[in-house]
Amino acid sequence: MFVPELPEVETIRSGLAELLPGQRIAGVEVLLNKSLSAPESHITTHIAGAGVTDVRRRGKIMIVDLSSGYSLLVHLKMTGQLVFEAGGQQPAKPGTGTNEPHSCPNPTSETGDGRRVAGGHPTQSMAGDLPDKTTRVIFTFQDGSKLFFNDQRTFGWMKLVERSKVERDKCFMAMGVEPLGSQFEVCHLKSRLKHRKAAIKTLLLDQSHVAGLGNIYADEALHLAQVHPSREGQSLSDEEIERLHAAIIKVLGDSIQAGGTSFTSYVNANGITGDYLHNARVYRRQGEPCRACGTTIDKIKVGQRGTHICPNCQKLT
DNA sequence: ATCTTGACCTGACAGC
DNA sequence: TGCTGTCAGGTCAAGA
């Protein structure tokens with residue numbers, strides 16, 4: 001599974017930013033009320049009939065600006081997906097009908113036709129007929145295109161907020177700096193970790209310190225920086241914090257590069273995994289050899305979260 | 001103020 | 001086969 005974190009959300013954003021602006025929303029169908037929290041009257045007056053003007057991102061939250069003066073905030077959480085299907089064409093079909101997502105041998109023939117663009121947690125829903133049982137909200141555009149918000153576990157959400165109040169919205173108020181922005185400096189990270197007794201991994205997952213890191217990239221960055229995830233934040237040396245700072249930027253940047261290619265192409269049952277996990281350093285690689293030293297990757301719990309480490313590269317003491 | 005824990009939710013999978 | 005239990009994991013709220 002590939003849970004949407006900052007790189008995945010950024011990849012979806014950049015894909016949708018090429019497709020949605022200029023589109024006008026004709027209708028909204030809410031199949032699960034809690035997936036789109038907005039009064040019925042607001043959906044009618046501020047979404048339906050509005051044009052999309054921009055698609056932005058802050059942390060793991062996507063912001064779709066509308067010409068009505070409102071914005072749609074989207075959090076995919078673990079299992080959310082956004083699938084855009086271009087109008088007037090048949091929906092895409094899985095390559096061979098197999099149930100195994102990685103076994104389709106046909107990765108290129110259907111690539112690049114632009115009929116469907118999808119991103120988020122990968123499942124068969126991205127390639128099969130939509131709507132399906134995980135579809136929670138459907139946006140229909142005037143040209144017949146559709147945008148499906150699918151979410152198996154229904155933790156994800158969309159909400160409608162006045163454009164002028166987006167930055168002050170509750171979900172952004174406590175959000176920390178963008179790790180790929182200029183404000184993310186070593187001294188910032190140092191000040192956030194100082195005097196903190198919590199595990200460094202727990203601190204990295206706290207969105208108020210750095211926005212957008214999740215379980216995958218926290219593990220990846222800590223391994224690259226050679227820091228054990230259970231270490232207390234305050235125990236890290238300046239040098240270790242510098243390594244961690246650089247590692248966060250590198251793993252996020254690498255992943256955006258890897259994900260960018262898989263998103264803009266046609267998504268079929270073969271392509272839904274994304275490229276980054278194939279190159280993961282430790283995530284979901286327990287039992288396999290560390291790419292740096294060959295030691296067997298271990299899986300432990302840190303703050304109730306599954307955590308992957310190389311016991312040789314990442315020492316506790 | 002900081003830290004920990006449980007709840008939310010569904011599907012996949014292991015074990016009996 | 002079919003049941004039960006466990007795991008996945010971002011975020012919030014409640015409790016320590």
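By convention in this document, chain letters (A, B, ...) are assigned in the order of the sequence lines, proteins followed by strands, and residues within each chain are numbered from 1. Everything numeric in this text was worked out from a predicted model, so none of it was measured.
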With a 4.0 Å limit, can you tell me whether A/Lys299 has a side-chain N or O closer than that to the phosphate oxygens OP1/OP2 of C/dC7?
no

Interatomic distance, A/Lys170 NZ vs C/dG10 C1' [rounded to whole Å]:
14 Å

Answer yes if A/Ile309 and A/Val227 sit in the same cluster of Ile, Leu, Val, Met, Phe, Trp and Tyr residues linked by side chain heavy atoms under 4.5 Å apart, and no otherwise.
no

Tell me whether A/Arg58 is salt-bridged to A/Glu167, with the criterion being a basic N under 4.0 Å from an acidic carboxylate O.
no

Take atom CG of A/Leu204 and atom P of C/dG10, then tell me their distance rounded to the nearest Å.
12 Å

Look at A/Lys60 together with A/Glu5 and state whether they make a salt bridge at an N to O cut-off of under 4.0 Å.
no

Answer yes or no: does a side-chain N or O of A/Lys301 lie under 4.0 Å from OP1 or OP2 of C/dA8?
yes

Rounded distance (Å) that lies between atom P of C/dA8 and atom CG of A/Asp151:
19 Å

May I have the distance from A/Ile300 (atom CD1) to C/dA8 (atom C1'), rounded to whole angstrom?
17 Å

In plain terms, say whether A/Glu240 and A/Lys315 are close enough for a salt bridge, that is, a side-chain N and a carboxylate O under 4.0 Å apart.
no

Do A/His245 and A/Phe184 make the cut of ring centroids closer than 6.0 angstrom?
yes

Check ion pair A/Glu242-A/Lys190 (N to O, under 4.0 angstrom)
yes

Would you call the rings of A/Tyr70 and A/His46 parallel, tilted or perpendicular, taking 30° and 60° as the class edges?
parallel

Hey, is the main chain of A/Leu36 close enough, under 3.5 Å, to the side chain of A/Arg136 for a donor-acceptor pair?
no

Rounding to a whole Å, what distance do you find between A/Ile61:CD1 and C/dG10:P?
14 Å

Could I get a table of every N or O pair under 3.5 Å where one atom is in the protein and the other is in nucleotides 1-4 of chain B?
{"residue": "B/dC3", "atom": "OP1", "partner": "A/Lys197", "partner atom": "N", "Å": "2.5"}
{"residue": "B/dC3", "atom": "OP1", "partner": "A/Ala198", "partner atom": "N", "Å": "3.1"}
{"residue": "B/dC3", "atom": "OP2", "partner": "A/Arg196", "partner atom": "NE", "Å": "2.4"}
{"residue": "B/dC3", "atom": "OP2", "partner": "A/Arg196", "partner atom": "NH2", "Å": "2.3"}

With respect to A/Val210, which candidate in A/Leu252, A/Leu203, A/Leu205, A/Leu189 satisfies the side-chain contact (heavy atoms from CB on, under 4.5 Å) definition?
A/Leu189

Whether A/Asp169 and A/Lys159 form a salt bridge (side-chain N of Lys/Arg under 4.0 Å from carboxylate O of Asp/Glu) is what I want to check.
yes

Shortest non-hydrogen contact from A/Gly49 toward A/Arg24:
O-NH1, 2.6 Å

Inter-axis angle, terminal five-pair segments of the helix from B/dT2-C/dA16 to B/dC16-C/dG2 [nearest 10°]:
50°

Base, backbone or nothing for each nucleotide of nucleotides 5-11 of chain B, written B, S, -, heavy atoms under 4.0 angstrom, 5' to 3'?
BB-BBBS

If only side-chain N and O atoms of A/Gln207 are considered, is one of them under 4.0 Å from the OP1 or OP2 phosphate oxygen of C/dG10?
no

Comparing A/Cys171 with A/Thr79, nearest DNA chain C nucleotide closer to 5' gives the residue A/Thr79

Can you measure A/Glu8 atom CD to C/dG10 atom P for me and round it to whole angstrom units?
11 Å

Any side-chain N or O of A/His75 below 4.0 angstrom from OP1/OP2 of C/dG10?
no

